[in-house]
Enquirer: 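Let me begin by handing over the structure; questions about it come next.
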There are 2 protein chains.
Amino acid sequence: MTKNFNFIEKLRETGLRPTKQRVKICEVLFNRDKTFHFTINDLVKKISEELNEKISLATVYNTVHALQKKGYLKEISINSDKSYFDTNTTVHHHFYDEDTHQLIDCDENEIENVNVKNNITGKKINSVEVLVRVASDNQNQN
Amino acid sequence: MTKNFNFIEKLRETGLRPTKQRVKICEVLFNRDKTFHFTINDLVKKISEELNEKISLATVYNTVHALQKKGYLKEISINSDKSYFDTNTTVHHHFYDEDTHQLIDCDENEIENVNVKNNITGKKINSVEVLVRVASDNQNQN
DNA sequence: TCAACAGTTTAGAATAATTATAATTTATAA
DNA sequence: TTATAAATTATAATTATTCTAAACTGTTGA
Ligand SMILES: [Mn+2]
Ligand SMILES: [Mn+2]
Ligand SMILES: [Zn+2]
Ligand SMILES: [Zn+2]
């Protein structure tokens with residue numbers, strides 16, 4: 001989904017009824033310039049900040065999963081206690097800021113092609129992604 | 001912790017009292033040749049298979065976290081609904097089999113050094129790890 | 001246009017992983 | 001051996017997520 005778009009048409013095209021809730025969620029997610037990395041909770045917060053209406057938590061889950069299934073969102077796992085989603089659905093690499101718990105896309109040219117020399121027999125490679133964990137310089141472990 | 005070891009001494013050295021439960025868990029985890037990737041549930045299952053005594057779930061959680069804090073275990077996130085732990089605590093890469101949900105270490109030479117050209121300013125890189133997602137060749141998406 | 005029907009929303013219950021609590025037990029230092 | 005702090009345990013609490021089932025809405029075709 002591209003920014004500044006008629007999400008009603010876009011949703012209909014992919015077989016999702018363009019309900020009020022879905023259109024609103026799409027606007028929050030896709031009407032932006034940069035990739036958006038979010039948890040369900042982040043999204044719920046954004047919705048209540050940017051919109052008047054409130055959308056039930058179940059609907060936010062339903063819609064995010066529907067959009068993911070249609071290929072408009074991608075799930076990212078960095079932290080096992082909650083799911084992150086990503087409006088950038090391409091195979092790409094991330095920085096993860098361990099201080100702020102923020103995910104940031106790597107630019108194409110920041111990491112060169114990762115070459116996997118041997119694969120597991122009988123399996124095909126679906127994706128090769130790099131996670132770069134960063135933290136502030138003055139480390140204070142306990 | 002190395003295999004075939006006196007875990008009583010090893011635990012004491014790191015300031016953990018070598019209780020019966022901890023020693024048993026260490027034996028299950030570290031008396032093996034290959035890296036062990038496991039969920040808490042996997043470990044509980046292994047314990048009840050390989051030992052007579054039963055160890056409470058709370059103690060398994062406590063011990064795994066204690067060992068992790070001391071640097072004998074590493075937490076891996078591939079799937080957001082449960083935590084994986086890894087007896088290989090070095091920075092290394094993984095294959096993740098999306099069919100069987102198995103994590104497998106990459107050999108050193110299977111992926112060459114990943115070069116991160118730009119970093120986020122003010123941050124230091126803690127780790128650079130690759131996740132290769134694989135699945136059986138005959139894909140059946142829905 | 002508008003009824004019918006499938007698809008969607010919703011509140012709330014259920015589930016599952018994990019963490020907290022608080023009483024009991026154990027390891028160890030004196 | 002005893003005192004004390006640390007660890008274990010059963011169980012309750014928490015949190016993210018999914019399920020349920022009733023109410024509601026978007027769409028289709030008469
Ligand atoms: Mn965690
Ligand atoms: Mn998942
Ligand atoms: Zn991203
Ligand atoms: Zn590993």
Side-chain angles (χ1 to χ4, degrees), chain A residues 6-28 37-48 51-70 72-73 75-85 101 142, chain B residues 6-28 37-48 51-70 72-73 75-85 101 142:
Chain A
N6 176 5
F7 293 112
I8 295 181
E9 273 318 308
K10 203 71 190 172
L11 283 167
R12 217 190 300 274
E13 276 170 28
T14 52
L16 296 172
R17 285 192 183 172
T19 62
K20 195 175 56 171
Q21 292 86 343
R22 285 175 174 172
V23 173
K24 288 295 181 189
I25 288 175
C26 283
E27 282 169 1
V28 170
H37 299 97
F38 62 96
T39 64
I40 294 290
N41 227 297
D42 295 337
L43 180 53
V44 166
K45 217 174 292 170
K46 265 241 152 45
I47 288 168
S48 73
L51 308 175
N52 314 32
E53 295 111 302
K54 109 160 212 271
I55 300 177
S56 85
L57 184 60
T59 299
V60 176
Y61 271 100
N62 288 343
T63 301
V64 165
H65 287 146
L67 292 173
Q68 181 193 13
K69 188 178 268 182
K70 296 295 181 183
Y72 294 123
L73 287 176
E75 194 174 359
I76 310 274
S77 294
I78 350 92
N79 188 308
S80 45
D81 50 340
K82 56 187 60 159
S83 265
Y84 283 67
F85 292 88
H101 294 206
N142 105 307
Chain B
N6 176 6
F7 294 113
I8 295 179
E9 272 318 308
K10 204 70 190 173
L11 283 166
R12 219 190 299 275
E13 275 171 28
T14 52
L16 295 172
R17 285 192 182 171
T19 62
K20 195 175 55 169
Q21 292 85 343
R22 284 175 175 172
V23 173
K24 289 294 181 186
I25 289 174
C26 283
E27 283 169 1
V28 171
H37 298 98
F38 63 95
T39 64
I40 294 290
N41 226 298
D42 296 335
L43 180 54
V44 167
K45 216 173 293 170
K46 265 241 152 43
I47 288 168
S48 74
L51 307 177
N52 314 32
E53 295 110 302
K54 109 161 213 271
I55 300 176
S56 85
L57 184 59
T59 300
V60 177
Y61 271 100
N62 289 343
T63 301
V64 165
H65 286 145
L67 293 172
Q68 180 193 16
K69 188 178 267 181
K70 296 296 183 185
Y72 293 121
L73 288 175
E75 192 174 0
I76 310 275
S77 292
I78 352 92
N79 188 308
S80 44
D81 49 342
K82 58 187 56 157
S83 265
Y84 283 67
F85 292 89
H101 295 203
N142 104 310

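Naming convention: chains lettered A, B, ... in sequence-line order (proteins, then strands); numbering from 1 in each chain. Here the structure is a predicted model, which is why all the values come from computation and not from measurement.
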Enquirer: Tell me the interatomic distance from K69(B), atom NZ, to dA7(D), atom P, rounded to whole angstroms.
Expert: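 In whole Å, dA7(D) P lies 11 Å from K69(B) NZ.
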Enquirer: Without decimals, in angstroms, what is the distance between K24(B) NZ and dA7(D) C1'?
Expert: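 Taking atom C1' of dA7(D) as the reference, NZ of K24(B) is at 18 Å.
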Enquirer: Using the side-chain heavy atoms of T59(A), tell me which of these nucleotides is nearest: dT10(C), dT8(D), dT11(D).
Expert: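 When the side chain of T59(A) is considered, dT10(C) is the closest of dT10(C), dT8(D), dT11(D).
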Enquirer: Both K54(B) and G15(B) contact DNA chain D. Taking the nearest nucleotide for each, which residue is further toward the 5' end?
Expert: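 Here G15(B) is the residue nearer the 5' end.
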Enquirer: Output the rounded distance in Å from NZ (K20(B)) to P (dT24(C)).
Expert: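 Interatomic distance, NZ of K20(B) to P of dT24(C): 19 Å.
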Enquirer: Find out whether L16(A) and T63(A) are in side-chain contact, i.e. whether some heavy atom of one side chain is under 4.5 Å from a heavy atom of the other.
Expert: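 A side-chain contact under 4.5 Å is absent here.
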Enquirer: Would you say H65(B) places a side-chain N or O within less than 4.0 Å of OP1 or OP2 belonging to dT19(C)?
Expert: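 Checking H65(B) against dT19(C): at least one side-chain N or O falls below 4.0 Å of OP1 or OP2.
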Enquirer: When you get a sec, tell me which of dT8(D), dT10(C), dT26(C) is the closest nucleotide to the side chain of Q21(A)?
Expert: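 In terms of side-chain proximity for Q21(A), the closest of dT8(D), dT10(C), dT26(C) is dT10(C).
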Enquirer: Show me the donor-acceptor pairs within less than 3.5 Å that the side chains of residues 51-61 of chain B make with the rest of the protein, sequence neighbours left out.
Expert:
from: S56(B); atom 1: OG; to: T59(B); atom 2: N; distance (Å): 3.2
from: S56(B); atom 1: OG; to: T59(B); atom 2: OG1; distance (Å): 3.1

Enquirer: Taking for each residue the nucleotide of DNA chain D with the nearest heavy atom, is it K82(A) or V60(B) whose nucleotide lies nearer the 5' end?
Expert: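 Mapping each residue to its closest nucleotide by heavy atoms, the 5'-most match is V60(B).
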Enquirer: Side chain of T19(B) only, heavy atoms from C-beta on: which candidate in dA27(C), dG26(D), dT11(D) is closest?
Expert: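 The answer is dA27(C).
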Enquirer: Once you round it to whole Å, what is the distance between P of dA17(C) and OH of Y61(B)?
Expert: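 Taking atom P of dA17(C) as the reference, OH of Y61(B) is at 7 Å.
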Enquirer: Verify the contact: side-chain N or O of R22(A) to OP1 or OP2 of dG7(C), cut-off strictly under 4.0 Å; return yes or no.
Expert: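 For dG7(C), OP1/OP2 do not have a side-chain N/O of R22(A) under 4.0 Å.
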Enquirer: I need the CG-P distance between L11(B) and dT26(C), as an integer number of Å.
Expert: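 To the nearest whole Å, that distance equals 18 Å.
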Enquirer: Write down the distance between CZ (R12(B)) and C1' (dA27(C)), rounded to a whole number of angstrom.
Expert: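 So the two atoms are 9 Å apart, to the nearest Å.
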Enquirer: Kindly say if S83(B) contacts the phosphate of dA17(C), meaning a side-chain N or O under 4.0 Å from OP1 or OP2.
Expert: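 No, because none of the side-chain N or O atoms of S83(B) sits under 4.0 Å from OP1 or OP2 of dA17(C).
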Enquirer: Select from L57(B) and T63(A) the residue whose nearest nucleotide in DNA chain C is closer to the 5' end of that strand.
Expert: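 Its nucleotide being nearer the 5' end, the pick is T63(A).
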Enquirer: Give the rounded distance in Å between these two atoms: CD1 of I55(B) and P of dT25(C).
Expert: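 Interatomic distance, CD1 of I55(B) to P of dT25(C): 18 Å.
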